[in-house]
Amino acid sequence: MELKLQVKLLRFLQTGMIQRVGSSRPEAVNVRVICATNREPAAEVAAGRFREDLFYRLSVLPIELPPLRQRGDDIGLLAQSFLDRFAAEENKHFDALSDDLIAQMKRHPWPGNVRELQNAMRRAVVMPGPKLSLPATLGGENARAAPVSAQTHDLAQTAADSDTPLPPSGFDGMTLEEIERWAIERAIERCGGSIPAAARVLDTSPSTLYRKRERWADRADTATTS
């Protein structure tokens, strides 16, 4: 959200008043605001992309949802729920998920989180045959990706895995954005230049990495021309 629009949202949250397009007078509304993001709000504030006063206005009851791969037995429960729903829609019947299938699901990194699991179960249901085949439902690029552990999201692990060492002074004196850029570039380098693969390692979307690199390139071009 652009900073100018953030100001308008902050004003609304403070006053509870809106003015409809074409109206000549403001009116009070009673709403409940629920926000969701796949970014780290504090980091966005530090980078100047998110107003600090808006962050504290919104952050009344924060709830952090861990990625699917960190949710243990939830994977099996969700998979069984999706299986039952889609089987009913397709007028099919399957036995309950076996322990082996659930264990295989737990080993998968699920870079697409619950949406990926949902799609995997839907593919399994619509495929012909009376038995569920999990390897088939996890086909494509995600099946070929190496499992991602929680450590790969840590900067220190990224540094250890990278062929490029830490800056001479470590992270001392570097801004949060500089550290972020270092971690992103090293992850891309480690993944052989593949931004989608680096995005899975960093638990973010490829579009986020493309957008950040484009912004850094624009800044470099501006600095060169000036």
Side-chain angles (χ1 to χ4, degrees), residues 1-21 23 25-75 77-78 81 109-118 148-159 170-188 195-196 198-216 218-219:
M1 182 182 291
E2 294 183 0
L3 291 174
K4 291 182 179 179
L5 193 56
Q6 292 183 31
V7 173
K8 294 182 178 181
L9 177 58
L10 177 62
R11 186 180 303 119
F12 162 69
L13 293 173
Q14 291 173 337
T15 64
M17 304 288 290
I18 65 168
Q19 186 168 336
R20 299 178 186 272
V21 176
S23 175
R25 58 190 178 88
E27 57 185 289
V29 293
N30 182 14
V31 298
R32 176 176 296 169
V33 178
I34 301 176
C35 302
T37 180
N38 61 357
R39 303 185 185 185
E40 175 55 51
E44 295 299 304
V45 170
R49 294 185 292 266
F50 189 24
R51 289 180 60 98
E52 187 175 22
D53 47 4
L54 178 58
F55 167 65
Y56 286 116
R57 174 67 65 172
L58 290 171
S59 185
V60 177
L61 184 63
I63 301 175
E64 183 176 355
L65 296 179
L68 182 61
R69 61 180 165 272
Q70 296 179 9
R71 290 169 61 176
D73 293 340
D74 286 358
I75 295 175
L77 295 174
L78 287 168
S81 175
W110 299 110
N113 286 305
V114 176
R115 180 68 67 184
E116 182 188 356
L117 174 61
Q118 181 179 11
V148 180
S149 66
Q151 286 84 0
T152 57
H153 304 295
D154 186 86
L155 287 178
Q157 185 65 33
T158 303
F171 293 127
D172 286 347
M174 296 177 65
T175 66
L176 181 61
E177 186 174 13
E178 289 171 339
I179 296 173
E180 178 187 54
R181 181 174 182 176
W182 180 90
I184 288 173
E185 295 296 350
R186 296 297 77 76
I188 294 173
I195 290 181
R200 288 194 296 271
V201 169
L202 296 171
D203 195 19
T204 188
S205 65
S207 61
T208 296
L209 300 190
Y210 283 117
R211 188 169 56 250
K212 289 179 181 294
R213 298 189 90 201
E214 183 178 358
R215 184 172 66 249
W216 295 332
D218 289 342
R219 289 180 182 174

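With rounding to the nearest 0.5 Å, the separation of CG in L10 from CG in L5 is 11.5 Å. Here CD1 of I184 is found 9.5 Å from CD of E177. Values are rounded to the nearest 0.5 Å. The CG atom of L209 lies 6.0 Å from the CG atom of L202; values are rounded to the nearest 0.5 Å. Here R181 contributes atom CZ and R186 contributes atom CZ; the two are 9.5 Å apart, rounded to the nearest 0.5 Å.
Put simply, the side chain of T15 gets close to the backbone of R11: a donor and an acceptor are under 3.5 Å apart.
In this structure, A199 and S205 approach most closely via the heavy-atom pair CB-C, 3.7 Å. Heavy-atom minimum distance, P196 versus P206: CA-CG, 4.0 Å. In this structure, Q19 and S23 approach most closely via the heavy-atom pair NE2-O, 3.0 Å.
The salt bridge (charged side-chain N to carboxylate O under 4.0 Å, His left out) check on R211 picks up nothing, with sequence neighbours excluded. Here L3 pairs with Q6, R51 under the side-chain contact (heavy atoms from CB on, under 4.5 Å) rule; sequence neighbours left out. A search for side-chain contact (heavy atoms from CB on, under 4.5 Å) contacts involving Y56 returns E52, not counting sequence neighbours. For L65, the side-chain contact (heavy atoms from CB on, under 4.5 Å) partners at least two apart in sequence or on another chain are I63. P67 meets the side-chain contact (heavy atoms from CB on, under 4.5 Å) test with R69, Q70, N113, D203; sequence neighbours excluded.
A 4.5 Å side-chain heavy-atom check between L78 and L68 finds at least one atom pair inside the cut-off. I195 is listed as a side-chain neighbour of R213, based on a closest heavy-atom distance under 4.5 Å. Proximity of R71 to V114: side-chain heavy atoms (C-beta onward) are separated by under 4.5 Å at one or more points.
For the residue pair R115 / Q118, a side-chain donor-acceptor distance below 3.5 Å is found, with atom types taken as modelled.
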For residues 26-43, dump all side-chain donor-acceptor pairs below 3.5 Å to protein atoms at least two apart in sequence or in another chain.
residue, atom, partner, partner atom, Å
E27, OE2, R20, NE, 2.9
T37, OG1, R39, N, 3.0
R39, NH1, E44, OE1, 3.4

